[in-house]
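Predicted model only: the values in this text are computed from it and were never measured.
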Amino acid sequence: MLPRSHIRNIGISAHIDAGKTTLSERMLYYTGKIHKIQEVGDYGGATMDYMELEREKGITITSAAITCFWHDTQINLIDTPGHVDFTIEVERSLRVLDGAIMVLDGVAGVQSQTLTVDRQIKRYRVPCIAFINKLDRAGANPFRAVESLRDKLGLNPLLLQYPIGMEDEFAGVVDLIEMVANYFEGENGEHQFSQPIPTDLQTEAQAAREKLLDRISIHSEEMMGQLLAGEEVPKQTIWEAIRQGTLSREFIPVLMGSALKNKGVQNLLDAIDLYLPSPLEREVITATDVATEKEVKVYPEPSDPLVALAFKLTDDEFGQLTYARIYAGTLNQGDRLYNSRTKKNIRVSRIVRIEADKRQELKSASAGEIVGLLGVDCASGDTLCSPGTNLSLEGIFVPEPVMAIAITPKSQEDSDRIAKALHRFVREDPTLHVSNDPESNKTLISGMGELHLDIYLERMRREYHAEAYVSPPAVAYRETITQPAQFDYTLRKQTGTAGQYAQVIGRLEPCKEPFLFENRVVGGAIPPQFIPACDRGFRDALATGWLKGYPIIGVKAILTGGSFHPFDSSEVAFRYAARVAFEEGFARAKPTLLEPMMLLEVETPIEFLGRIQGKLLSRRALLLGSEARDNDLIIRAEVPLAEMFGYSTELRSLSQGMATFSMEFAEYRPLPENLLNEIR
């Protein structure tokens, strides 16, 4: 087993079509993991896109993990989807990884989904390297991409390489630390060799190196002294200074190349080893002791009690496969673990190293490793620990679904199969919500977008042979209040000997969070044991709004007083009273509907600009601006999701098939009053 200082847990994240899967395929080839490169869209598909649907559609749907070795470093690699509908895959991968590679298209630079990836990387404070890909494409400009990292993401990019040629003349890269030109030859670019920097690039490369050293030296007194003294700075000193700045997230090293043309990938593998952290170097994570609710530091020590996070579930022929990151301790086959959420003990029957869709048996695994567990009954986000260690790790941020469809089974057999399929899918994907519409008796499936829901319907048909009638997609609206309102409700019922009595007094206020509860009861007006029941009652009321029956968000419930009866009051009574009080207060607080707004990015030839903008305005879009990129224009806008159905067909028609678009959820915003009556 390798020392943990030689392990790198990394993920590849980017906007869709930036070349993540192509890059990961090259990394597996150069590390000797695979012996033949498969392209996205080839028969058989890329190694990491192992699902049949992924290979058919040419996109990554689920994050795939694989282990490879570069020199004496073990790289646990996760390739994540770029499409916004599958953002939970990126979210849960970054939650457990130590480092990330942000891939940028050399032509487009920072795109809409890059913004989401950047937010996720910052949320989990993951040290990161940027790789500017596709420098062989017409219009590629790595310097513009670097500027977009600085201007749009607020990052501090550190350019470590200089391109040799551009577009169809892209030949290699200059290493600004060792000051050599790196070229890549062979059928698949497997032969890397170095030569002196071409004469026509020496002046530019020297200027770029001086700028690089000047920016690094701010964070290294040793380097600063050597530069001021006019001494040559050793490359080991530069590597170490970059490493420390990367680990502290003060800057982000930038490398470049073309994965498709097999150039620059080996340099990226070297950078993963040089600059990204081992499990020992990541920030110490914090867990919560469930019993005392105190924070506890979890150190990556193999001899400590085990603490692991189950971050992803899939099903295979042996049952549930649980992806787990081990943060502390050592796990052996057959060990018993404690699930701090369910309060149950479980036994690990098998431990495997995950190789995309293949498995390698392990006898044990220790802190810093990402492994698969078989025979473990848990949910995504559960903390698994040694018996007697009752810790809970911070969960994974789960975005709310924005779109829903209703399905009706075609037969009774289909009904059973659909129930089985949805039970599995909901356990696997926290962004997929399933509920029943009591009026129509239909099953409602909510997700992140049309593609997200289409994929699960297709998986239902293929994997479970379940057929269903499907209604058109509907927007997942929310309800909220626009002003404060008081509530005062008394439940008073007498049924035989036992009665029900509870009074709750307080007010509702708008707030930024989905829901907040504040207890301001003094003097024992409501006994402390009934306060949690009031909180649960308020939360019960959130499920169904007063206007149109949509879930409620953005409300703070403040409990200020009430009364109780020594014999007739109970938790059930206060929970019911709180729910009714909330509903009455909500009706008086001038409620309104919120609709999901999407951040839209359209890339189009300039001649179609006017007609595309005109049609966007007719879809209630707010135009945020446009940006010239070579011969194309990038239009950015915020547009209601309700107006975006069928947009891909319209855009093709407006632009003769030459424009493309991407969009992601931005926020919920009040629906214009004149449209309220149109919503059912």
Quiz item: Any luck finding a side-chain donor-acceptor pair between S303 and E301 under 3.5 Å?
Solution: no
Practice problem: Determine whether more than 12 heavy atoms belonging to other residues, nucleotides or ligands lie under 6.0 Å from atom CD of E187. | Solution: no
Quiz prompt | From CG (L77) to CG (L28), nearest 0.5 Å | solution = 6.0 Å
Practice problem: Mind checking the CZ-CD spacing from R325 to E369? Nearest 0.5 Å is all I need. | Solution: 9.5 Å
Quiz item: Does the side chain to side chain contact (heavy atoms under 4.5 Å, CB included) test come out yes or no for V298 and V284, once each step is laid out?
Solution: CA-CA 6 Å; V298 178; V284 176; 5.7 Å; no
Quiz prompt | Polar side chain donor-acceptor pair, N182 to S194, under 3.5 angstrom | solution = yes
Self-check item: Pairwise side-chain contact, I242 with L274, heavy-atom cut-off 4.5 Å (strictly under)
Solution: no
Exercise. Determine, stepwise, if the pair R209 / E232 fulfils salt bridge (Lys or Arg N to Asp or Glu O under 4.0 Å).
Key: CA-CA 12 Å; R209 174 184 166 85; E232 183 65 29; 3.2 Å; yes
Practice problem: Would you check if V107 and N141 make a side-chain contact, meaning some heavy-atom pair closer than 4.5 Å? | Solution: no
Quiz item: Will you find, in the side chains of Q244 and E240, an N or O donor that is under 3.5 Å from an N or O acceptor?
Solution: yes
Quiz item: If you take all heavy atoms of A145 and G109, which pair is closest and at what distance?
Solution: CB-CA, 4.1 Å
Quiz prompt | K122, NZ: over 12 other non-hydrogen atoms inside 6.0 angstrom | solution = yes
Self-check item: From CA spacing to verdict: salt bridge (Lys or Arg N to Asp or Glu O under 4.0 Å), R8, D98
Solution: CA-CA 7 Å; R8 303 287 183 271; D98 299 322; over 6 Å; no
Quiz item: Parallel under 30°, tilted from 30 to 60°, perpendicular over 60°: which one fits the rings of F311 and Y323?
Solution: perpendicular
Quiz item: Under 6.0 Å from the NZ atom of K211, do we count more than 12 heavy atoms belonging to anything else shown?
Solution: no
Quiz prompt | Between D304 and Y299, a side-chain donor and acceptor under 3.5 Å | solution = no
Quiz item: Strictly by modelled atom types, are S278 and E281 linked by a side-chain donor-acceptor pair under 3.5 Å?
Solution: yes
Practice problem: Go through the steps to decide whether N390 and S340 satisfy the test side chain to side chain donor-acceptor pair (under 3.5 Å), and finish with yes or no. | Solution: CA-CA 6 Å; N390 194 6; S340 61; 4.9 Å; no
Quiz item: Does E231 CD have over 12 foreign heavy atoms under 6.0 Å away?
Solution: yes
Self-check item: Heavy-atom pair with the smallest gap, counting every atom of M102 and T114
Solution: SD-CG2, 3.9 Å
Quiz prompt | Heavy-atom check, side chain of Q120 versus side chain of S13, under 4.5 Å | solution = no
Practice problem: Answer yes or no: is there an ion pair linking D105 with R137, defined by an N-O contact shorter than 4.0 Å? | Solution: yes
Quiz prompt | Validation row: L599, L624 side chains within 4.5 angstrom (heavy atoms) | solution = yes
Quiz prompt | Sub-6.0 Å ring centroid separation between F143 and Y162 | solution = yes
Quiz item: Have N156 and R150 got a donor and an acceptor in their side chains that come within less than 3.5 Å?
Solution: no
Quiz item: So, N76 and Q74: side-chain donor and acceptor under 3.5 Å apart, yes or no?
Solution: yes
Quiz item: Who pairs with E361 by salt bridge (Lys or Arg N to Asp or Glu O under 4.0 Å), at least two apart in sequence or on another chain?
Solution: R350
